[in-house]
Each structure stands twice: as C-alpha cells, then as structure tokens.
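One-based numbering along the sequence shown. Atoms considered below: every heavy atom in the structure, side chains included; atoms not considered: hydrogens, waters and symmetry mates.
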Amino acid sequence: MNDIVFDLETFPNVFTINAQHAWLPIEWSFEISDWRNDSRAIVEWVQWLKSIDARMVGFNSIGFDYPILHTLCRMGHADARTLYDKAMAIIGAQDDDNRWMHTVKPTDRYVDQLDLFLIHHFDNRARSTSLKVLEFNMRADNISDLPFSVGTNLTLDQVPVLKKYNRHDVTMTKRFYHESLDMIRFREELTARYQRDFLNHNDTKIGKDYFVMELEAAGVACYDYGPDGRKPRQTRRPSIALKDAILPWIQFQHPEFQRVLEWFKQQTITETKGVFSDIVARVHGFDFVFGLGGIHGSVESEIIESDEGSVIVDLDVTSYYPTLAIANGFRPAHLGSAFVDIYQHLFEERKKHPKGSPENAMLKLALNGVYGDSNNVFSVFYDPLFTMSITLNGQLLLCMLAEVVMQNVPGVKIIQCNTDGMTVRIPHGSSGALKQMCEWWERQTKLTLEQATYQKMCIRDVNNYIGQYLNGKVKRKGCYEYEQEWHQNHSALVVPKVAEKVLLEGVPIRETLASWPDRYDFMLRVKVPRSSYLTANDAQVQNTCRYYIAKGGVTLHKWMPPLKGKNEWRKIGVESGWTVCVCNDISGAVLPVDLDYYVREVEKITNCLS
C-alpha cells in the first residue's frame, strides 16, 4: 500500500517536488533554487522509498517527471538550471524519432513507477488529456493552471505560489489515482498471475501482449531479432484485390446489394484508409451505407415505440469480429493457422470466467484488439488483407441478414444497421418469421445473434439516438450520451440529461432545468494551447477555463497567433452572443444561470424528433 503520488515543477532557477502518500495523511515537499538546495534530501528520500518497496505514482511521470528525478539521483546533487535543461530536452524531443531516448528502463529505475497517463492511454493523440481537463471532468472545486510562463526566472516571493500549485497538482493526481483503482488492481492481478509487467499498459496493449504471449507459447514466432533490436513479423502487401477478401459464397437477390458486391469485387486498393467514399445501397427505402470502416444506416428524426401491434427488436452478432475470423479461418498470413486456433481457444476460455473478473476482461481485450491492430504498421498482427476480410464480410453478411428479413418477415421496418447488428420493428405476429430468418442466417454464417427488445427509440440520426429497453435500461449515443469517458468533453451535461427526461418522460424543459440540483452539470470548459490565450472581457484568464452561461456575465474570447504572412492576432468568440461566469474556483459561481441558453440546447436535440 506504499503508493506515493508525486509531481515536480521545473523553472530556470526553481525546482520543486511535492509528494503525498496515496492512503495516509503524509506529505513531502522539496526545493532546489537560488535560495535553497534539497538535492541531498531528495536523493535520500528516493533511497528510502526504495527501501520500503514503495511505488511512485504520477501523471505522465514515466515520460517526464521520473527521468528528471532519475537524473538528479544519478548526479547526487544538481542546481535548478541543470534540471530545467533536462526538462526542456525531454519536451524538445517529443516530435523526434528519438522521443523515447529520455525514458528510463524499468530495470534501471530506483523506484517502481505507475503512470496514470499511460494506463488511460492518454499518450494516444486522439485521447490526449491534460490534468487540468481531468480536474474539470472530476468536478474539482478549484481548477488551477500553471501560474507562470514556462522559462520564467522566479522571484523569492513567487516560490510559495509555485509550491502551492505543485501541491494542488499532486492532490488532483491522487484523486485521479483513486478514480483509477479498478484499472490498477486489474493490472496488478495480471502482473502477478502471468509474471509479466502489465502495470503501465493501456487496455489495448494488454490485450495485444497477451495474445502475443499465447502465440509464442504455441511456437509461433512474432518477432525477428537482430543487431537493431526486435522487429515485428508482418505481411505487407503492395495492393489488395478486394475479391480476395470476400467470402465466395456471399450472394444477394436484390439488385442494389448485387451492385455493391460486384463493385467491391472489382476494386484493387493500395491503402486501407480513405480510399473511396461511402457506397450507398437503397433497398426498400432504407439506405445501407458501406465504407472500409463498417456499415451504417438509420431512419432519422423519428421516435419509434413498441406498442400493442408491434415490437422493436435489436439483433447483435455475438463478438462479431472475433467470431467472424474464427468461423472463416481469417488470419494474418505470417502467423499461420495457429492464429485461428488460439483465437478460438481464447474465445472459449473467456466463457469460463464470470463478467467482471480479470481473466474475462483481459480475454475480451485480447479478442477485440487484434482486428484494429491488423491495420497498424507497427504491430505483429499487421496484414491489411486480414483487416479487409473482417470489415468487408462483416458488412456483407449483415446485408444478407437484412435481405432475408425484408423478404420474409411480414410488416418489417428496418430502423438501424450498424457495425455489428441491426434493429427492426415488426408486428407481433411476425416474431416467428423473424426467428426463422435469424436461425437460417446463423446456420449459413456459423455466427450467433443476440436479441433484445426496445420499448422506445428516439433517433436523430445513425450516430445520435436514445434506446430504452423493456427493462428500463437506456442506451445512449452521440449527443444524448452523458456517461462520458475521462478523455471526452464533460461540458454542459445537463443538456443530454434533461433531453433524455424530455424524450422518455415528457417533462417540461425550462422547469426541469430551473430545478436541476447539480450545478456542475451546467459547467462548460474551453482550452487553448500555450501559444494562445483567453480573455474574459479584457482580463486574461487561464488557458483551461471553466464557465457557465450566466446573466450579467462577461464575454469570453480566444486569442490565436497570426496566420502565416499576417500580423494581427485572431480574436474568436467563445459562446458568441452569450455572457458567461468564469468559475475556475467554484466559489466564483455567483451569477444566475441564463436558462435561455440551456433551453435552446435541449430543444436542438429534442424538437427535431417526431
């Protein structure tokens, strides 16, 4: 239980460390500056942490904080400028091919490291998330940004301000650590069980590494080793004839589906992303939209309900992509038939473990991660023909299901079709016919369909809808989703929450907003990079800023650097036409909420449905 949460700050003449025990009210603070040098105390503290088998917990600490601390420990004594220069070298190398050169190998670290930034996969560009954004998402009472510009030479009076900020960051990191405990325990259990370090792996990496472990245990070589280290074995293809990816027994009766199938068979591609626009097949008034990423289609701007005469049925293929590969022997060519055998073994093994168990979670990650990684040029699973085999057949087989259902189920209406299933409304008397068509499709494809029933669906479009099951549970997508992941924007969650009540319960919008109990649900945030800044009226505010739409508030603007060849900074309104109350400290939330703004936002996603 000796987890020590830490963070450091580096300036040319001031270096600080704050650390807090994750479970006990114990705290440490160190300084190296023009006025004080705690080098020896810091080194002794790290040695003591090692002696008690502690683990240091940080946010982007493996990539930034720990390498600087490690440098200090190796030197035994340093000044602030030396450590600042190390920090700048790390930052400067982020976009280089040698960006890992500053990372300290696990075997060389003085103290074990746990990095929340890596566990949550925030090192992925699409999921990149700062601690300040997490403070907003965690609904912290205070969101503090760095009080001084990077590279500033601080005065003696500014050192306590920096230390206070440093301590605040550690407190927030500690809070996020406790939010992440399930993920941490999962990794600890896997590490202990398999004697392999999963501690700082993101979910996707856990699944891929486990699959590789199983392949290697079966004697399948996944890497080639040479003087430059290991390189993943792969199947690279200069081009792919899509007919080679499509199952030969797929066929259709409707001319639109036939047209799309023949079009695919005639294509040869050299890239697997963005090589052609969506292809549309209109069948019985419903548009099936094909793309290399999957199929989609939906009715739009409709509210559909199950009633005395009809029922909404959702059909999903069980573990679609893994079972599709298993049933048809799809595999990366360089991994051989053993790949399919292991895929099958992992699929069956997962069934033996209860949902929520570490084994079940890891096996799910292993099963699902392989498809995405088959199109990753750095992966041992890379073979774009395997990617295309899964993607194209997945779409075409769903169209086979849609075709037989439309032809043989009286009164059926297709509501949605997506990557791994479809939703239909049928008369109650057609349930038997639907069951027969599903069983026929399962025999043909060797796949399994899972069935659920909706009471009501409120659909803006294919990416934005609410579905309420008969048992009362609700499925939310797009603009109606409010149970967001940590890397997503948690702004104005009152809007989807109230919209759901409007659509499912018929509550009045303005009255519901006026009596809403959680003020954090009204909060929004804006973030600009360090090259830009924000102003509230004429006063600069911090670059990650929390606010809500308020009566009698201020106007908020982004100031962006001039475009190339221009001299003037660009002034861009935030919530143009509305005034806001900035409340990075929640005690500043004193102005009345402007309900008109939130009413308008709720109406945008409710009034469009009929």
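Proximity of a side-chain donor or acceptor of Asn137 to a complementary backbone N or O of Gln488 within less than 3.5 Å is detected. Between the side chain of Arg600 and the backbone N or O of Leu595 there is no donor-acceptor pair closer than 3.5 Å. Checking side-chain atoms of Thr171 against main-chain N and O of Arg167 turns up a donor-acceptor pair under 3.5 Å. Looking at Gln542, its side chain does come within 3.5 Å of a backbone N or O of Ile143 through a donor-acceptor pair. The backbone N or O of Ala22 lies less than 3.5 Å from a partner atom in the side chain of His178, making a donor-acceptor pair. Between the side chain of Asp594 and the backbone N or O of Ile549 there is no donor-acceptor pair closer than 3.5 Å. Side chain of Ser491 to backbone of Arg525: a donor-acceptor contact under 3.5 angstrom is found. No donor-acceptor pair closer than 3.5 Å links the side chain of Thr535 to the backbone N or O of Asp538. Without hydrogens or angle criteria, Lys456 side chain to Leu503 main chain gives a donor-acceptor distance under 3.5 Å. A donor-acceptor distance shorter than 3.5 angstrom exists from the side chain of Gln158 to the backbone of Thr155, with no hydrogens or angles considered.
Between Glu188 and Arg55 there is a salt bridge, since at least one side-chain N of the basic residue sits less than 4.0 Å from a carboxylate O of the acidic one. Using a 4.0 Å cut-off between charged nitrogen and carboxylate oxygen, Arg460 and Glu300 do not count as a salt-bridge pair. Salt bridge Arg175/Glu135: absent, no basic N to carboxylate O contact under 4.0 Å. We find that Asp373 and Lys208 are joined by a salt bridge, their nearest charged nitrogen and carboxylate oxygen being less than 4.0 Å apart. Salt bridge Arg510/Asp596: present, at least one basic N to carboxylate O contact under 4.0 Å.
For the side-chain hydrogen bond (donor to acceptor under 3.5 Å, both in side chains) test with Lys132, the passing option among Asn543, Thr544, Asp169 is Asp169; the others fail. The salt bridge (Lys or Arg N to Asp or Glu O under 4.0 Å) test with Arg187 is passed by exactly one of Asp182, Asp203, Asp197: Asp203. For the ring pair (Phe, Tyr, Trp, His ring centres under 6.0 Å) with Phe59, the lone residue among Tyr66, Phe64, Phe6, Phe117 that qualifies is Phe117.
Using modelled atom types and a 3.5 Å distance limit, the side chains of Trp23 and Asp3 yield no donor-acceptor pair. Asp461 and Ser298 are not linked by any side-chain donor-acceptor pair at a separation below 3.5 angstrom, with hydrogens and angles left out of the test. Side-chain atoms of Ser587 and Asp585 include a donor-acceptor pair closer than 3.5 Å. Between the side chains of Asn18 and Tyr165, no donor-acceptor pair is found at a separation under 3.5 Å.
Looking only at side-chain heavy atoms (C-beta outward), Val462 and Asn418 stay at 4.5 Å or farther from each other. Using a 4.5 Å heavy-atom threshold, the side chains of Leu116 and Thr173 count as touching. When side chains are defined from C-beta on, Glu31 counts as touching Lys163, because their heavy atoms get closer than 4.5 Å. Between Met560 and Ser531, the closest side-chain pair of non-hydrogen atoms is not below 4.5 Å. The closest side-chain heavy-atom distance from Cys458 to Ile303 is below 4.5 Å. Contact annotation: the side chain of Arg570 never approaches that of Trp559 to less than 4.5 Å [non-hydrogen atoms, C-beta and beyond]. Counting heavy atoms from C-beta on, the side chains of Phe122 and Ser128 never come closer than 4.5 Å. Between Ser180 and Ile119, the closest side-chain pair of non-hydrogen atoms is not below 4.5 Å.
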Under the criterion side chain to side chain donor-acceptor pair (under 3.5 Å), I'd like the reasoning laid out for Asp209 against Tyr194: C-alpha separation, chi angles, the key distance, then a yes or no. CA-CA 11 Å; Asp209 278 11; Tyr194 297 103; over 6 Å; no
Test side chain to side chain donor-acceptor pair (under 3.5 Å) on Asn360 and Arg350 and set out the steps. CA-CA 5 Å; Asn360 185 288; Arg350 186 186 172 211; 3.2 Å; yes
With salt bridge (Lys or Arg N to Asp or Glu O under 4.0 Å) as the test, would you mind laying out the steps for Asp521 and Arg519 before giving the verdict? CA-CA 5 Å; Asp521 281 339; Arg519 63 179 174 175; over 6 Å; no
Residue pair Ser33, Asn13: steps toward the side chain to side chain donor-acceptor pair (under 3.5 Å) verdict: CA-CA 5 Å; Ser33 69; Asn13 65 329; over 6 Å; no
Give the intermediate values and the outcome of side chain to side chain donor-acceptor pair (under 3.5 Å) for residues Asp79 and Thr82. CA-CA 6 Å; Asp79 57 22; Thr82 299; 2.7 Å; yes
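The aromatic rings of Phe522 and Tyr598 sit perpendicular to each other, their planes meeting at more than 60°, with 30° as the lower class boundary. Trp486 and Phe176 have perpendicular rings, their planes meeting at more than 60° on a 0 to 90° scale where under 30° would count as parallel. Ring geometry for Tyr469 versus Tyr454: interplanar angle under 30°, hence parallel rather than tilted (30 to 60°). The aromatic rings of Phe198 and His201 sit perpendicular, their planes meeting at an angle over 60°, well past the 30° parallel limit.
Separation of the Tyr597 and Tyr548 ring centroids does not fall under the 6.0 Å cut-off. Aromatic rings of Tyr110 and His70 (six-membered ring for Trp) have centroids within the 6.0 Å cut-off, being under it.
Nearest heavy-atom pair across Asn464 and Cys479 is OD1-N, 2.7 Å. In this structure, Ala550 and Leu591 approach most closely via the heavy-atom pair CB-CB, 3.9 Å. The two atoms that bring Pro562 and Asn567 nearest to each other are CG-O, 3.4 Å, heavy atoms only. The nearest pair of heavy atoms linking Met523 to Ala589 is CE-CB, 4.3 Å. The two residues Arg546 and Ala140 have their closest heavy-atom pair at NH1-O, 2.7 Å. Of all non-hydrogen atoms in His557 and Gly573, the two that sit nearest each other are CD2-CA, 3.5 Å.
The number of heavy atoms from other shown groups lying within 6.0 Å of CZ (Arg193) is above 12. Counting non-hydrogen atoms of neighbouring residues, nucleotides and ligands closer than 6.0 angstrom, the NZ atom of Lys50 reaches no more than 12 such neighbours. The environment of CD in Glu511 is crowded: more than 12 heavy-atom neighbours from other residues, nucleotides or ligands sit within 6.0 Å. A 6.0 Å sphere centred on NZ of Lys477 holds no more than 12 heavy atoms belonging to other residues, nucleotides or ligands.
With sequence neighbours left out, Lys174 forms a salt bridge (charged side-chain N to carboxylate O under 4.0 Å, His left out) with no residue at all.
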